[in-house]
Amino acid sequence: MSGDGRASEGGEEEVRGARRIPGPRGVVDDLDLESVPRPLLPPPGPAAPDEAVPEQSAAEPPGPAAPERAGPEPSGPEDSGPEDAGPRDPGPEDAGPEQADPEDAGPAQAGPEQLAPHPFAPHPATPDQATPEPLMTSAPGTGLSHRVLQALLGAWALSACSAEETAAVEDHLTECAPCADEALRLRDAVGLLHTDGSLDLDPTLRSRVMDGCLGRRPARIPVPEHAAPYDAETARLDALLRDIGDSEWHAPVRLRWFEEEREVSRRTTVAGVIGHLTAVDGLLSAALGLDDPLGRGETPQDPIERTERYWSAAQRPPTRTVREPWRAQSHELIRTASFAGRNVAEASVSYGAFALPLQDALLDRAFECWVHGGDIADAVDYPYQAPAAAHLHRMIDLAARLLPAAVAGRRRAGLAGPAKELVTAGAPGRSVHLEIEGHGGGDWFIALDSPAALGSPERAVAQVALDGVEFCRLAAGHISPVEAAAGQEGDREAIRDVLFATASLSRL
């Protein structure tokens, strides 16, 4: 300024163009980022001519670049006081053109309605600047974002989505490869949860699991081969008993078998059937030196008499409490037979009217366990399959080996035709070719004239074809001999004797 108080020539221009020293800036950790105004963007559309950004005059020398500032610069020398040292929010009085710095001027002057927006408000885009794609896009025509559709994949795989959601997800899967891959994996997983098979366990499951385990680590005391069918069938029946309810233990069961030429039956309950199995299995327990479920002292050997005594000894109708003693007894039988091995395989087990070696008695008990397991399953409407093919084959083989003696017994009782060709023991005699088809099948030749004769294909006088399961049902007394044969050829009298002898093997 001059002494007369007027500004010297060019002084005002020099002051206006000079760079101002910014106020002290705060430490980064002290900044309140929410209070920092966001930059204003112009509304869409071309800028007016009078709003163009003024270019720097060529006569003005470019000044040094201003340091980066944490907040807006003060608008004038009077705003750099101590109270304005830090950043502050602009007020309406800071928006006037007389306080705006030409170097900080934007493309357009901000009015009162163009103050700093909310920090999370969307920014309008300029004509030459494309709007950035949002992080969560919506599927076309659905209004659902990618993240929402991704969250619906699990419900879609389970078919739990509404019709609109299902359509939206499936439209999205045609455009999004990661979601499509995830959907395929979820659908495969859902397929493992829904099984249309039987509720019963696969009969071969236990043997396959045991084979896999024993292949890695052989058992020190393996279950002998002749005890394996009994082990498997008791386990299957126990699985059925675990699944039924308390009331189903009193479901009526009719036990059927053949005596001479007629079918007989006995009515009991599910718990009564398990009591019958416990009583007859006690014959094997006594042969191995274990406790007899009928107690100490003189006990009958006939299966029917043992069953009647066991039922009459019960103070009340049997309930599910019979399951644990029966299962413990079967475990003890298998354990004892496994430890004894071949030493007890030929031990005699008396059934009263006849006797069997222990290895055949275990097959007999496995057969009866399967048959009565089917009776229980029918009573409670539960699926129950036949034994494994290898085990069923051994059961059929036992019945075929018992048939010559059964035919001779019926002949002595006058229920079968007379012997036609007697031969010495071990010599081939007249035979019936028993052809078992399907599950557990094979070929057996049944000697007709003497239990000591040898069945021979060269001396076969007849042939009978039966399904494996049907043959076992005939041996259990569940179907009549007239209904059993699927195919017959040859001597009709010999065929009849063999079929009725098979039915006579059944008992309670």
Side-chain angles (χ1 to χ4, degrees), residues 195-210 227-257 263 265-278 280-281 307 318-320 322-324 326-327 329-331 334 362-396 398-399 436-441 466-479 483-484 505-508:
T195 56
D196 298 328
S198 170
L199 294 176
D200 193 18
L201 294 176
D202 183 359
T204 64
L205 175 61
R206 187 180 189 279
S207 60
R208 287 189 282 111
V209 171
M210 292 297 295
Y230 179 72
D231 185 23
E233 292 309 311
T234 52
R236 288 209 306 143
L237 178 55
D238 187 55
L240 166 61
L241 298 177
R242 283 199 305 267
D243 285 349
I244 66 177
D246 291 340
S247 61
E248 291 176 313
W249 282 86
H250 302 286
V253 179
R254 184 168 294 278
L255 303 179
R256 296 174 294 166
W257 68 98
E263 180 182 355
S265 63
R266 175 67 186 269
R267 183 184 176 90
T268 183
T269 63
V270 172
V273 174
I274 301 303
H276 162 62
L277 292 176
T278 303
V280 182
D281 284 352
T307 301
T319 62
R320 68 179 309 137
V322 300
R323 171 180 165 261
E324 288 298 333
W326 166 78
R327 191 61 177 134
Q329 177 181 254
S330 63
H331 278 148
I334 296 168
L362 286 168
L363 277 174
D364 171 74
R365 301 313 303 146
F367 175 81
E368 188 166 358
C369 188
W370 162 48
V371 170
H372 289 324
D375 294 335
I376 294 173
D378 292 340
V380 299
D381 195 19
Y382 193 98
Y384 208 71
Q385 297 179 356
H391 296 169
L392 186 62
H393 181 85
R394 292 173 61 90
M395 297 175 191
I396 295 172
L398 173 62
I436 303 299
E437 302 171 342
H439 199 59
L466 283 170
D467 176 74
V469 175
E470 289 299 303
F471 176 79
C472 290
R473 295 184 64 199
L474 174 62
H478 282 47
I479 59 175
E483 303 171 327
L505 296 176
S506 63
R507 62 180 185 273
L508 174 63

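One N or O on the side chain of Glu248 and one on the backbone of Gly245 form a donor-acceptor pair closer than 3.5 Å. Side-chain N or O atoms of His391 include none that pairs as donor or acceptor with a backbone N or O of Leu363 at under 3.5 Å. Within the 3.5 Å criterion, the main-chain N or O of Trp257 finds no donor-acceptor partner in the side chain of Glu263.
Legend: residues meeting side chain to side chain donor-acceptor pair (under 3.5 Å) with Arg254, ordered by chain and number and at least two apart, are Ser265. Evaluation of the ring-ring contact (aromatic ring centres under 6.0 Å, His included) rule for His372 yields His276 as partners, not counting sequence neighbours. Qualifying ring-ring contact (aromatic ring centres under 6.0 Å, His included) partners for His393, counting only residues two or more places apart in sequence or in other chains: Trp444.
The two residues Gln329 and Leu277 make their nearest non-hydrogen contact at NE2-O, 4.5 Å. Here the closest non-hydrogen pair linking Pro229 and Arg394 is CG-NE, 4.1 Å. Contact between Trp326 and Thr234 at its shortest, heavy atoms only, is CH2-O, 3.5 Å. Taking all atoms of both residues into account, the shortest heavy-atom contact from Thr268 to Val273 is CG2-CG2, 3.8 Å. Counting all heavy atoms, side chain and backbone alike, Arg267 lies closest to Pro252 at NH2-CB, 3.4 Å. Summarising the geometry of Ala251 relative to Val380, their closest heavy-atom pair is CB-CG1, 4.3 Å, with the distance given to 0.1 Å.
For the atom pair OH of Tyr382 and CG of Leu240, the computed distance is 6.0 Å after rounding to the nearest 0.5 Å. Put simply, SG on Cys369 and CG on Asp238 are 9.5 Å apart, with the number rounded to the nearest 0.5 Å. In this structure, CD1 on Ile396 lies 5.5 Å from CD1 on Ile436, to the nearest 0.5 angstrom.
Residues Leu392 and Phe367 fail the side-chain proximity criterion, which asks for heavy atoms closer than 4.5 Å. The closest side-chain heavy-atom distance from Glu368 to Arg507 is below 4.5 Å. At least one side-chain heavy atom of Glu233 sits less than 4.5 Å from a side-chain heavy atom of Met395. Residues Glu437 and Leu466 form no side-chain contact, since every pair of their non-hydrogen atoms from C-beta on lies 4.5 Å or further apart. Put simply, the side chain of Val371 does not reach to within 4.5 Å of the side chain of Cys472, judged on heavy atoms. Counting heavy atoms from C-beta on, the side chains of Glu483 and Leu474 never come closer than 4.5 Å. Here the side chains of Thr269 and Trp249 are not in contact, with every heavy-atom distance at 4.5 Å or above. Using a 4.5 Å heavy-atom threshold, the side chains of Asp378 and Val253 count as separate.
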Go through the steps for Asp375 and Tyr384 under the test side-chain hydrogen bond (donor to acceptor under 3.5 Å, both in side chains), then give the verdict. CA-CA 9 Å; Asp375 294 335; Tyr384 208 71; over 6 Å; no

With side-chain contact (heavy atoms from CB on, under 4.5 Å) as the criterion, how do Ile274 and Ile376 come out once you've worked through the C-alpha distance, each side chain's angles and the decisive distance to 0.1 Å? CA-CA 9 Å; Ile274 301 303; Ile376 294 173; 3.9 Å; yes

Checking side-chain contact (heavy atoms from CB on, under 4.5 Å) for the pair Tyr230/Asp364: CA distance, chi angles, key distance, verdict? CA-CA 8 Å; Tyr230 179 72; Asp364 171 74; over 6 Å; no

Please assess Val322 against Thr278 for the test side-chain contact (heavy atoms from CB on, under 4.5 Å), listing each intermediate value before the final yes or no. CA-CA 9 Å; Val322 300; Thr278 303; 5.8 Å; no

Starting from the C-alpha separation in whole Å, work towards a yes-or-no answer on side-chain contact (heavy atoms from CB on, under 4.5 Å) for Arg323 and Arg242. CA-CA 9 Å; Arg323 171 180 165 261; Arg242 283 199 305 267; 3.1 Å; yes

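In this structure, Arg473 pairs ionically with Glu470, as a charged nitrogen and a carboxylate oxygen lie closer than 4.0 Å.
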